[in-house]
Amino acid sequence: MGRAAYRPYAGRVRIAFGADDDNEVTRAVVGYLSELGEVVRVGAAEPWPEIGAGVGRAVVEGRADYGVVMCWTGTGTAIAANKVPGVRAALAWEPWIATGARLWNDANVLALSLKRLAPDVAVEVARAFFATPQPDPDEAGNIARLSTLEPGPDPA
Ligand SMILES: O=C(CO)[C@H](O)[C@H](O)COP(=O)(O)O
């Protein structure tokens, strides 16, 4: 899977973005996302669980096509986003992981650490995520299986 496999997005994408802190890494990522499409900011002043879940809800409710969450580790917002049924949030720290999350997991939310990635690396990871628009068709069964693991509605 080399760089030649990456394809740019055809149209403008709507990206829900939430972070529980603001630094040069979050600003670099938001700058890149703003070039890519429309950035829908979610819950800047809220604690990380609300930010992660808020971004997840924006995606599954169709207010955004994808989400990006950031916190110190990236893990808390990823966990919170994954509590929302229909979200497939993936923590990535290098481009190959982000590409694989799109290809093999159809991840719809990218989670990044705002403390442990350099700004240019964070942007490269996001670029890899958004340059991979279609999941691998061979993984369709496994990706569909994920939704069967989600809790169903409470019995009446
Ligand atoms: O990485 C995080 C969660 O995984 C948070 O960003 C980190 O724990 C800081 O949170 P708070 O400002 O609420 O102490």
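For the numbers below, each heavy atom of this structure counts, side chains included, while hydrogens, waters and symmetry mates do not. Throughout, residue positions are numbered sequentially from 1 according to the sequence presented. Read the numbers this way: they start at 1 and go in the same order the structure lists the ligands and their atoms.
Of the residues Leu110, Val68, Val59, Val40, the one that meets the side chain to side chain contact (heavy atoms under 4.5 Å, CB included) test with Ile15 is Val68.
Put simply, CG on Asp136 and CZ on Arg102 are 11.5 Å apart, with the number rounded to the nearest 0.5 Å.
Closer than 4.0 angstrom to ligand 1 sit non-hydrogen atoms from Asp20, Trp48, Cys71, Trp72, Thr73, Thr75, Gly76.
In this structure, the side chain to side chain donor-acceptor pair (under 3.5 Å) partners of Thr73, at least two apart in sequence or on a different chain, are Thr75.
Applying the side chain to side chain donor-acceptor pair (under 3.5 Å) rule to pairs touching residues 53-65 yields Arg14-Asp65, Glu61-Arg63, sequence neighbours excluded.
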For residues 17-33, dump all side-chain donor-acceptor pairs below 3.5 Å to protein atoms at least two apart in sequence or in another chain.
unit_1: Asp21; atom_1: OD2; unit_2: Trp72; atom_2: NE1; d: 3.1
unit_1: Asp22; atom_1: OD1; unit_2: Thr26; atom_2: OG1; d: 3.3
unit_1: Asp22; atom_1: OD1; unit_2: Arg27; atom_2: NH1; d: 3.4
unit_1: Asp22; atom_1: OD2; unit_2: Arg27; atom_2: NH1; d: 3.1
unit_1: Asn23; atom_1: OD1; unit_2: Val25; atom_2: N; d: 2.9
unit_1: Asn23; atom_1: OD1; unit_2: Thr26; atom_2: N; d: 3.0
unit_1: Asn23; atom_1: ND2; unit_2: Leu114; atom_2: O; d: 2.8
unit_1: Thr26; atom_1: OG1; unit_2: Asn23; atom_2: N; d: 2.9
unit_1: Thr26; atom_1: OG1; unit_2: Asn23; atom_2: O; d: 2.9

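No side-chain heavy atom of Glu124 sits less than 4.5 Å from a side-chain heavy atom of Phe129.
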